[in-house]
Amino acid sequence: MVQLPKREESSSEFVIPDEDVYTIVLDRLSEERTGKFADKNGDYHPEQEFYFKILDDEEFAGCELKVYVRTDTFYDGAGAGQPAKVFLIAKALLGASFDPDVPPDTDDLVGMKCRGTIVHKRVMGADGSERTYANIASFSPMRQRKPASSVQVPERPSV
């Protein structure tokens with residue numbers, strides 16, 4: 001048996017990666033559930049938590065970042081409004097194989113990599129103290145390396 005500490009004796013410290021661009025992998029997903037916050041019409045939408053881990057930084061390798069994603073929309077932002085977060089994430093994870101007309105199953109995205117831009121968000125806690133969180137502000141596909149050019153340079157005639 002383990003005796004848990006009292007609330008005032010508990011530590012709530014966690015690692016916050018620096019603001020930068022990292023290679024991240026979608027490590028796991030939560031179960032889909034009804035979101036905590038209502039939209040402007042008072043409707044609650046289904047959501048899923050996407051857990052990403054940093055791969056390419058020695059200091060922050062394995063650091064986990066959580067993103068809340070609505071799962072009832074795959075809007076591309078072509079009309080008015082912002083594209084759905086899940087649309088942007090899928091586009092980054094799938095890269096060249098992304099087809100906006102064929103929404104993927106979120107389980108199929110687990111284990112895929114992309115680039116994520118980490119920014120810090122500062123908020124006031126209920127106790128008046130400032131708290132800092134690391135958020136993934138944008139997602140982009142992994143850059144594909146182009147094969148080496150096989151262009152032949154003609155030899156110069158000898159004089």
Side-chain angles (χ1 to χ4, degrees), residues 2 4-5 7 9-37 39 44-79 81-127 129-151:
V2 175
L4 297 175
R7 183 172 43 119
E9 296 170 351
S10 296
S11 169
S12 62
E13 297 197 16
F14 49 93
V15 175
I16 299 175
D18 295 335
E19 291 184 313
D20 204 347
V21 179
Y22 298 95
T23 298
I24 56 178
V25 62
L26 180 55
D27 185 56
R28 63 188 173 93
L29 304 168
S30 71
E31 294 295 321
E32 184 181 58
R33 65 171 192 279
T34 302
K36 297 177 189 175
F37 303 103
D39 66 9
Y44 292 85
H45 297 275
E47 70 180 16
Q48 197 170 25
E49 296 167 9
F50 283 35
Y51 292 89
F52 289 91
K53 285 194 176 179
I54 294 176
L55 296 177
D56 63 345
D57 186 281
E58 191 173 299
E59 183 178 356
F60 302 114
C63 183
E64 190 171 73
L65 302 158
K66 179 172 39 175
V67 177
Y68 292 93
V69 176
R70 272 185 55 180
T71 55
D72 64 346
T73 181
F74 199 65
Y75 181 62
D76 65 358
Q82 297 289 324
K85 194 181 300 184
V86 72
F87 181 88
L88 299 173
I89 292 171
K91 185 176 180 181
L93 290 172
L94 293 168
S97 66
F98 177 72
D99 183 351
D101 296 325
V102 183
D105 185 309
T106 58
D107 288 338
D108 295 338
L109 300 174
V110 174
M112 293 186 167
K113 300 175 192 174
C114 68
R115 301 286 286 164
T117 302
I118 307 297
V119 297
H120 291 170
K121 180 178 180 180
R122 290 170 182 79
V123 297
M124 278 296 185
D127 61 358
S129 64
E130 186 177 87
R131 297 185 181 167
T132 303
Y133 298 95
N135 289 331
I136 305 175
S138 65
F139 300 86
S140 57
M142 297 294 295
R143 183 172 293 215
Q144 298 289 330
R145 293 199 187 271
K146 294 182 180 179
S149 176
S150 59
V151 175

Evaluate the side-chain proximity of [Y] to [X]: yes if any heavy-atom separation is below 4.5 Å, no if none is.
| X | Y | result |
| --- | --- | --- |
| L93 | F98 | no |
| P104 | F74 | yes |
| T71 | E47 | no |
| D72 | H45 | yes |
| Y75 | F87 | no |
| I24 | K53 | no |
| V67 | I89 | yes |

Query raised in the report: Can you check whether E59's main-chain N or O pairs, donor with acceptor, with D57's side chain at less than 3.5 Å?
Result: yes
Query raised in the report: Only one of Y22, F50, F52 clears side chain to side chain contact (heavy atoms under 4.5 Å, CB included) with I136; which?
Result: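 Filter result, single survivor: F52.
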Report task. Please check if atom CD in E130 has more than 12 non-hydrogen atoms from other residues, nucleotides or ligands closer than 6.0 Å. Result ->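 Counting neighbours around CD of E130, more than 12 heavy atoms of other residues, nucleotides or ligands fall under 6.0 Å, so yes.
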What's the separation between atom [atom1] in [X] and atom [atom2] in [Y], rounded to the nearest 0.5 Å?
| X | Y | atom1 | atom2 | value |
| --- | --- | --- | --- | --- |
| L65 | Y51 | CG | OH | 11.5 Å |
| E19 | T132 | CD | OG1 | 9.5 Å |
| L88 | D76 | CG | CG | 9.5 Å |

**Report entry** Chi angles and distances behind the side-chain contact (heavy atoms from CB on, under 4.5 Å) call for D27, V110
**Finding:** CA-CA 6 Å; D27 185 56; V110 174; over 6 Å; no
Distance-only donor-acceptor hits, side chain of residues 114-126, under 3.5 Å, sequence neighbours excluded:
from	atom 1	to	atom 2	distance (Å)
R115	NH1	T23	OG1	2.7
R115	NH1	D56	OD2	2.9
T117	OG1	S138	OG	3.1
H120	NE2	P17	O	2.7

**Report entry** Where V86 and V69 come nearest, the two heavy atoms and their spacing
**Finding:**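 Looking at all heavy atoms of both residues, the shortest contact is CB-CG1, 3.1 Å.
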Report summary line: In terms of heavy-atom contacts, Y44 and G35 come closest through CD2-O, 3.4 Å
Requested in this report: Salt-bridge test for R70 and E32: reply yes if a basic N is under 4.0 Å from a carboxylate O, no otherwise.
Outcome: no
Query raised in the report: In terms of side-chain geometry, is the basic nitrogen of R28 or E49 positioned less than 4.0 Å from the acidic oxygen of its partner?
Result: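 Looking at R28 and E49, the cut-off is not met.
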Query raised in the report: Any side-chain donor-acceptor pair under 3.5 Å between Q48 and T106?
Result: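 There is such a pair between these side chains.
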Query - Centroid-centroid distance, Y68 to F37, less than 6.0 Å - result: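 Between Y68 and F37, the centre distance exceeds or equals 6.0 Å.
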